[in-house]
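Each chain gets a letter, A, B and so on, in the order its sequence line appears, and its residues count up from 1.
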Number of protein chains: 2
Amino acid sequence: MSKYGYSIDQLMELAGLSVAESIAKEYPKGKILVCIGPGNNGGDGLVAARHLSHFGYQLSLYCPVKPKKDLYRNLLHQCNAHCIQEVEDLAVAISEADLVVDAVFGFSFKGLARPPFDKVLEAMRSTDKPIISVDIPSGWDVENGDANGNGICPDMLVSLTAPKLCAKGFKGRHHYLGGRFAPPAMVKELGIPEYPGTSQCVRLEKYRCP
Amino acid sequence: MSKYGYSIDQLMELAGLSVAESIAKEYPKGKILVCIGPGNNGGDGLVAARHLSHFGYQLSLYCPVKPKKDLYRNLLHQCNAHCIQEVEDLAVAISEADLVVDAVFGFSFKGLARPPFDKVLEAMRSTDKPIISVDIPSGWDVENGDANGNGICPDMLVSLTAPKLCAKGFKGRHHYLGGRFAPPAMVKELGIPEYPGTSQCVRLEKYRCP
């Protein structure tokens, strides 16, 4: 996207907003725990958490590795200013949540999750709370999906910009597309579906992958 | 807003999006000319133009002074990637537009507009096309309003974060609030009205200024 002049701040803001909007379309107000990974997927999750708090949900964050980049520190600072609590005990936090957002790993993930994220994936796999995955279910390979069987099985997947090949293996109830920033040439090239009105997300009724 | 850890890219993205959403709530699809000033107000206008093009409007830009900062060059580059044309002849561009967005001067403007922006304000004052002003009608003083009588009389005003004192003098048909990023303490302190659902803007039925 950088060839179109976008900054990471802009893309992350629109991506996170679209995740929050997708969640608000399908789940009633309640308690949401957002699990934050070490990279851009985690950044999207921090933005989504802030917008969800604006939409009236009760948010908490599980962020086992504190990101060092200024961008993430600032996103975390914004969440703190929105009175979003960070939690230490993942098991308790999941048990108290109505929904869990999986913003741990994204499309660049390969292989097996390392500590402490292996435990986060394990906890999300073993709960019966609905999981919402950001762009890619954590632990999945962007093309091969849950090849090693250690990935998440989310109830909702919010694909960003365009669904990745692995989305073919998504078996949950709600598949949305978000990240409404692709210019016309890219929309055409990737066959990105149309968004309704001013919405930042669109529900995909069946698997649609460029 | 910087004390809450926001970057200018983030704030401008949400501000511009809220302007685009406000316009889409009140005006049917058509041709929109966006007049871009030399500062942050112009940046908000560039973001709004891009989102309006996503929403199905036909956009063009009048940008008499090319901004030098990377942020603005990038925003302009994004507009170019969205096939938004820059126009040279303001009079012709206004005559061909259904709506004109005034993103020339914002809350830091004082005194009288200098060339070439004096001509832009004059052209916007003398057209009967509906004008949408971003945050402050251009030429107005943030507190005293159109004290020198050289300002714009917009049909719509989209106040950002919170209405400024000068909004008391707004006589147009549509007053909206946008820029949904104020944390709870600021919302309380400034008496910022509630936004509906996931909307990035809210219509203000009467003047509401903190």
Side-chain angles (χ1 to χ4, degrees), chain A residues 1-25 29 43 46-47 50-57 70-84 179-187 192 194-201, chain B residues 1-25 29 43 46-47 50-57 70-84 180-188 192 194-201:
Chain A
M1 281 291 175
S2 56
K3 75 169 175 174
Y4 300 115
Y6 283 111
S7 71
I8 184 75
D9 299 47
Q10 285 182 286
L11 297 173
M12 210 168 258
E13 194 61 38
L14 293 177
L17 174 60
S18 71
V19 170
E21 217 183 287
S22 302
I23 291 171
K25 287 205 187 291
K29 300 278 190 302
L46 290 170
V47 173
R50 169 165 43 83
H51 285 290
L52 284 163
S53 82
H54 276 278
F55 300 163
Y57 291 82
D70 277 350
L71 172 62
Y72 295 91
R73 288 164 54 138
N74 287 338
L75 291 173
L76 209 48
H77 183 44
Q78 292 155 32
C79 283
N80 294 340
H82 282 77
C83 311
I84 298 173
R180 194 176 183 178
F181 36 58
M186 195 179 183
V187 168
I192 295 173
E194 227 175 287
Y195 286 74
T198 63
S199 180
Q200 295 301 302
C201 63
Chain B
M1 280 290 175
S2 57
K3 76 169 175 172
Y4 299 115
Y6 284 111
S7 71
I8 183 76
D9 298 46
Q10 285 182 286
L11 297 173
M12 209 168 259
E13 194 61 39
L14 294 177
L17 174 60
S18 71
V19 170
E21 216 182 288
S22 302
I23 291 171
K25 286 202 187 292
K29 300 279 190 302
L46 290 170
V47 173
R50 170 165 42 84
H51 285 291
L52 284 163
S53 82
H54 276 278
F55 299 164
Y57 292 82
D70 277 350
L71 172 62
Y72 295 91
R73 288 165 54 139
N74 288 337
L75 291 173
L76 208 49
H77 183 43
Q78 292 156 32
C79 283
N80 294 340
H82 281 78
C83 311
I84 298 173
R180 194 175 183 179
F181 35 59
M186 194 179 185
V187 168
K188 197 173 168 188
I192 294 173
E194 225 174 289
Y195 285 74
T198 62
S199 180
Q200 295 300 303
C201 62

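For chain A, no part of B/L76 is nearby; none of its heavy atoms comes within less than 4.5 Å. For chain A, no part of B/R73 is nearby; none of its heavy atoms comes within less than 4.5 Å. Interface remark: B/A20 contributes no atoms to any contact with chain A (heavy atom separation under 4.5 Å).
In this structure, the side chains of B/T198 and A/H51 stay at 4.5 Å or more apart for every pair of heavy atoms. Proximity of A/Q10 to B/L75: side-chain heavy atoms (C-beta onward) are separated by under 4.5 Å at one or more points. Side-chain contact between B/L17 and A/Q200: present, with at least one pair of heavy atoms (C-beta onward) separated by less than 4.5 Å.
Between chain B and the residues A/A182, A/G56, A/A185, the largest count of heavy-atom pairs under 4.5 Å involves A/A182.
Considering CG of A/D70 and OG of B/S7, their distance stands at 11.0 Å, rounded to 0.5 Å. For the atom pair CE (A/M12) and CG (B/D9), the distance works out to 12.0 Å, reported to the nearest 0.5 Å. With rounding to the nearest 0.5 Å, the separation of CG in B/L14 from CG in A/L14 is 7.5 Å.
Shortest non-hydrogen contact noted between B/C83 and A/P184 is SG-CG, 4.2 Å. Nearest approach of B/Y6 to A/H82, heavy atoms of both residues: OH-CE1, 3.2 Å. Across every non-hydrogen atom of B/G197 and A/F55, the tightest pair is O-CD2, 3.6 Å.
Checked by atom type and distance alone, the side chain of B/H77 pairs as donor or acceptor with a backbone atom of A/K3 at under 3.5 Å. At least one donor-acceptor pair closer than 3.5 Å links the side chain of A/Q78 to the backbone N or O of B/G5.
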